[in-house]
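These notes are about the structure you will find just below.
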Number of protein chains: 2
Amino acid sequence: MKPLATSDVTSKGQPFGVRSLAMALRTEIEKMILQGGMPMGERLNENYFAEKFQVSRGPVREAFRALVEAGLVEFIPNRGVFVRQVSLEQALAAYEVRAALFSMAGRLAATRRRKEEIARFRGLVHDMDEAIERNDSEGYYKLNLDLHSAVMEAARNERLASTYQGLIKELHLFRAKNLRLTDHADHARISNREHAAMVEAIAAGDEMRAYQAHFDHVMNARDRLTEPFREI
Amino acid sequence: MKPLATSDVTSKGQPFGVRSLAMALRTEIEKMILQGGMPMGERLNENYFAEKFQVSRGPVREAFRALVEAGLVEFIPNRGVFVRQVSLEQALAAYEVRAALFSMAGRLAATRRRKEEIARFRGLVHDMDEAIERNDSEGYYKLNLDLHSAVMEAARNERLASTYQGLIKELHLFRAKNLRLTDHADHARISNREHAAMVEAIAAGDEMRAYQAHFDHVMNARDRLTEPFREI
DNA sequence: CGGCCCTTAATTGTTGACAGTCGACCGCAT
DNA sequence: ATGCGGTCGACTGTCAACAATTAAGGGCCG
């Protein structure tokens, strides 16, 4: 891997706070973890990262602290940091938090959305339908993310969005490990019907209906994801 | 101030992750900030804290990184970290997130609460009524926190609770700076009526009513707090 | 007299070295 | 064979020194 210098950092397009090696490392290591580059439960060796990025251990440790706070790694004194293992129980709890945040986004979007946004929502839902017909689960996945981001944006609450994003990252840890063939076309079809309900509630400006639609969508998604684990 | 050694840290009753100086410092500095020990917008000098706690700058910097991630301080490269200034807009946004989380807690509590907890809720509301009559705003404040914690506990979702707590800390930054005589007895009376509605909805096991009651309570609290700032 | 530049002190950024701790491995006794 | 204890190695925890950057103050020039 290329040596990471401060000059590399400045070239990044982030608003602020990315000039220091520690901040750059935090971003870089996070990316590595989320893209599955690190096996789950793996210990993150300070020296390894220090050599990999051609820096000393100080900045690496600072980056680790930030990741601990973000909940992506676990810290055990005198042992080091480990890629966090997300249990099924924790994933279920996280989904409830996600439902809280996303349903709020839907509710706010219902009062704050603009005309163009509604058109975009409907377009995305339509494109997802097409992706399903094409059996294009890759494309569906991306469109799905786009729709969720679009709703979040329409809520016009930065704090809500960043909290949501942080949570999503944690959930990625769970999905990365327990990825199974959960993308049945059936699931996608049902999911997209829920999307349509969400969008129409927002379009109608109906706060409570939007709340319910978004809430149900997340909780149903939870059931769909964790279904394979239920031992009945 | 007393020198902070690892031995001091171990004496703390935390489950894990508090053995290192950095973690201890993070807790200590956070406490200092939240208790208003640091003027808002103040730069946190690394050497100052290093000498104050008789440690080197390394652990101090690690503690700072964690606080940055927690959103309590702002980081400007080559300048240092500053106690975060929370604007009115940010506070309003944070209240919306809080409403999302707390209303979810109420909703979950409505399905998961136990008999003893309901009794405790009602007791707290009653005690708050008495505190109002006594004009004991100090006592009311504490009981208020207790009720909110109790509801969170009844929701039985650790992730929800920790996210909520992190947000509350941020809101403290706003209240610390803009503390005005907002604790009118009128406000307390109205607030406690809302508490009663929350508790009874939980007691009835009515999810949607609990959701609404908790949601409204937070949003009304927001209006009561930020009322003085509105220039009509 | 005001504005620009240079110097300088203070503070952050980074490093390498040293100390402390934990787990693994190996040998021994049972 | 198995369980226990000690030794060793690898890694984390901490520190103090050095480099780089910033902001402030004073002097010079227009």
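Worth saying up front: this structure is predicted, and the values here are computed from it rather than measured. Below, chains carry the letters A, B, ... as their sequence lines are ordered, and counting in each starts from 1.
Taking side-chain N and O atoms only, A:Asn45 has a distance below 4.0 Å to OP1 or OP2 of D:dT12. A:Arg57 has no side-chain polar atom (N or O) that falls below the 4.0 Å cut-off from OP1 or OP2 of D:dT12.
A straight line from CG of B:Leu44 to C1' of C:dT11 spans 13 Å, rounded to a whole angstrom. Separating the CG atom of A:Asn78 from the P atom of C:dT21 is a distance of 7 Å, rounded to the nearest angstrom. In this entry the distance linking CG of A:Leu21 with P of C:dT12 reads 17 Å, nearest Å. Remark: C1' of D:dC11 and CZ of A:Phe82 are 11 Å apart, rounded to the nearest angstrom. Atoms CD (A:Glu51) and C1' (C:dT14) sit 17 Å apart, rounded to a whole Å. Atom pair A:Asn47:CG and D:dA10:P shows a separation of 11 Å (rounding to whole Å applied). As rounded to whole Å, 11 Å separates atom C1' of C:dT14 from atom CD of B:Glu46. Regarding A:Met23, its CE atom lies at a distance of 11 Å from the P atom of C:dT14, rounded to whole Å.
Contacts of A:Arg61 with the nucleic acid, taken as non-hydrogen atoms under 4.0 Å apart, include base atoms. When heavy atoms are screened at a 4.0 angstrom cut-off, A:Gly58 is found touching base atoms of the nucleic acid.
Relative to the six-membered ring of A:Phe75, A:Arg65 meets both conditions, a distance below 6.0 Å and an angle of at most 45° to the axis.
Comparing C:dG23, D:dC11, D:dT22 against the side chain of A:Arg79 picks out C:dG23 as the nearest.
For A:His195 and A:His148, the gap between ring centers is short of 6.0 Å.
Listed for the B:Tyr140 side chain is a donor-acceptor partner under 3.5 Å among the backbone atoms of B:Ala188. Here the side chain of B:Arg84 pairs a donor or acceptor atom with the backbone of B:Gly71 at under 3.5 angstrom.
Residues B:Arg57 and B:Phe49 form no side-chain contact, since every pair of their non-hydrogen atoms from C-beta on lies 4.5 Å or further apart.
Judged by closest nucleotide on DNA chain C, B:Gly80 is the one of B:Gly80 and A:Pro59 placed further toward the 5' end.
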